[in-house]
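Throughout, residue positions are numbered sequentially from 1 according to the sequence presented.
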Amino acid sequence: INGRPDIVYSASSPDENALVSAARHFGYFFYKRSTQTATIQNIRQNIDFEFQVLNVLKFSSKRKRSSVIVRRPNNTLVLYCKGADNVILERLKAPTTKEEEQLIANSKKHTTQFAADGLRTLMISMKNISEDDYQAWHQKYMQASLGLKNRQLEIENVCEEMEQDLMLMGV
């Protein structure tokens, strides 16, 4: 496979196509997906990484974001979130270093410029999750998913709990 340029992705949205194409440009080739796993190849080192997909927190026009919770090959848990800049910015943890402050400031500047140029913008963020925090959250998520009354609202509320204290990755 080796990140062949002749591969054309079939993504669920133009945004996702842009993200996997950008990842390939930077040396990471997304080449296999099942309902429970996603496999990515580090093209430069020819090493595969398989991520276990635990939850997909779906996009809605109300949420203006979507997230995925995965178990990485080293068995740690992480949430990746993509969404509208204003939605991501209000969910970021407070910066603790000058570098984090600068990343946020530069990202705000770039999204403003991209929008002025007529481009659609998204911010990408992440959050490491402890096993205990995930298990407690997952119980709430499953309970909300099985609810008979206000199911969608309950799911969105539980997703909101998890999508806090994010770390900005980029625009």
Residues Lys149 and Glu154 bridged, charged N to O under 4.0 Å
no
When you group the ILVMFWY residues by side-chain heavy-atom contacts below 4.5 Å and let the links chain together, are Phe51 and Phe26 in the same group?
no
Look up atom CE in Met126 and atom CE in Met169, then write down how far apart they are to the nearest 0.5 Å.
6.0 Å
Taking atom CD as the centre, does Gln139 end up with more than 12 heavy-atom neighbours from other residues, nucleotides or ligands that are less than 6.0 angstrom away?
no
In terms of heavy-atom contacts, does CD of Gln143 have more than 12 from other residues, nucleotides or ligands at under 6.0 Å?
no
Do Arg91 and Glu160 come within less than 4.5 Å of each other through their side chains, counting heavy atoms only?
yes
Can you find a heavy atom in the side chain of Val53 that is under 4.5 Å from one in the side chain of Arg33?
yes
Applying side chain to side chain contact (heavy atoms under 4.5 Å, CB included) to Lys93 and Lys127, what does each step give before you reach the verdict?
CA-CA 9 Å; Lys93 68 177 183 166; Lys127 172 182 168 177; over 6 Å; no
Under a 3.5 Å threshold, yes or no: a donor from one side chain and an acceptor from the other, between Gln52 and Thr37?
no
Looking at every heavy atom in both Arg44 and Gly27, which two are closest together, and how far apart are they?
NH1-CA, 3.0 Å
Heavy atoms, side chains only, cut-off 4.5 Å: are Asp15 and Arg120 in contact?
yes
Between Ser107 and Met123 the two heavy atoms that sit nearest each other are CB-CE, 3.8 Å
Linking I/L/V/M/F/W/Y whenever any side-chain heavy atoms sit under 4.5 Å apart, do Val87 and Met167 land together?
no
With the 4.5 Å side-chain cut-off for hydrophobic clustering, are Ile124 and Phe29 part of the same group?
yes
Write down the atom of Ser66, the atom of Glu163, and the distance for their closest heavy-atom approach.
C-OE2, 4.5 Å
Distance-only, no hydrogens or angles: does the Asn150 side chain make a donor-acceptor pair with backbone N or O of Leu153 under 3.5 Å?
no
Which pair of non-hydrogen atoms, one from Ser130 and one from Leu77, has the smallest distance, and what is that distance?
O-CD1, 4.0 Å
Just jot down the ring pair (Phe, Tyr, Trp, His ring centres under 6.0 Å) partners of Tyr141, sequence neighbours excluded, or say none.
Trp137
Sorted by chain and number, sequence neighbours left out, side-chain hydrogen bond (donor to acceptor under 3.5 Å, both in side chains) with Asn86 holds for none
State whether the number of non-hydrogen atoms from other residues, nucleotides or ligands found under 6.0 Å of Glu90 atom CD is greater than 12.
yes
Straight-line distance of Ser60 OG to Ile155 CD1, nearest 0.5 Å:
10.5 Å
Is any side-chain heavy atom of Tyr80 closer than 4.5 Å to a side-chain heavy atom of Ser67?
no
Chi angles and distances behind the side chain to side chain contact (heavy atoms under 4.5 Å, CB included) call for Thr39, Phe49:
CA-CA 6 Å; Thr39 306; Phe49 298 96; over 6 Å; no
Taking side-chain hydrogen bond (donor to acceptor under 3.5 Å, both in side chains) as the definition, give me every residue that meets it alongside Glu161, ordered by chain and number, with sequence neighbours left out.
Lys140
Taking OH in Tyr28 as the centre, count heavy atoms belonging to other residues, nucleotides or ligands within less than 6.0 Å. Is the count above 12?
no
Quick check: is Leu103 connected to Leu92 through a chain of hydrophobic side chains (ILVMFWY, heavy atoms under 4.5 Å apart)?
yes
Close side-chain approach of Lys108 and Leu89, heavy atoms under 4.5 Å
yes
Same hydrophobic cluster for Met142 and Val70, using side-chain heavy-atom links shorter than 4.5 Å among ILVMFWY?
no
Can you confirm whether the side chains of Thr96 and Glu100 place a donor and an acceptor under 3.5 Å from each other?
yes
Quick check: do Tyr31 and Gln41 have side-chain heavy atoms less than 4.5 Å from each other?
yes
Applying the salt bridge (charged side-chain N to carboxylate O under 4.0 Å, His left out) test to Glu156, which of Lys62, Lys64, Arg63 qualifies?
Lys62
Inter-residue atom distance Leu166.CG - Ile88.CD1, 0.5 Å rounding:
6.0 Å
Any side-chain donor-acceptor pair under 3.5 Å between Asn106 and Gln102?
yes
For Arg72, the side-chain hydrogen bond (donor to acceptor under 3.5 Å, both in side chains) test, sequence neighbours excluded, returns Thr76, Asn128
Check side-chain hydrogen bond (donor to acceptor under 3.5 Å, both in side chains) between Gln113 and all other residues, then give those that pass, not counting sequence neighbours.
Asp117
Euclidean distance, Thr121 OG1 relative to His110 NE2, rounded to 0.5 Å:
12.5 Å
Compute whether any side-chain donor of one residue and acceptor of the other, for Ser21 and Asn17, lie under 3.5 angstrom apart.
yes
Pair Asp85, Leu122 - check side chain to side chain contact (heavy atoms under 4.5 Å, CB included), show working.
CA-CA 6 Å; Asp85 55 347; Leu122 288 174; over 6 Å; no
Do the non-hydrogen side-chain atoms of Leu57 and Leu79 ever get within less than 4.5 Å of each other?
yes
From CA spacing to verdict: side chain to side chain contact (heavy atoms under 4.5 Å, CB included), Ile129, Met162:
CA-CA 9 Å; Ile129 309 167; Met162 180 56 77; 3.7 Å; yes
Any non-hydrogen side-chain atom of Arg65 less than 4.5 Å from a side-chain atom of Cys81?
yes
Can you tell me how far the CZ atom of Phe30 sits from the CD1 atom of Ile40, to the nearest 0.5 Å?
6.5 Å
Ring pair (Phe, Tyr, Trp, His ring centres under 6.0 Å) with Tyr134: which residues, sequence neighbours excluded?
His138
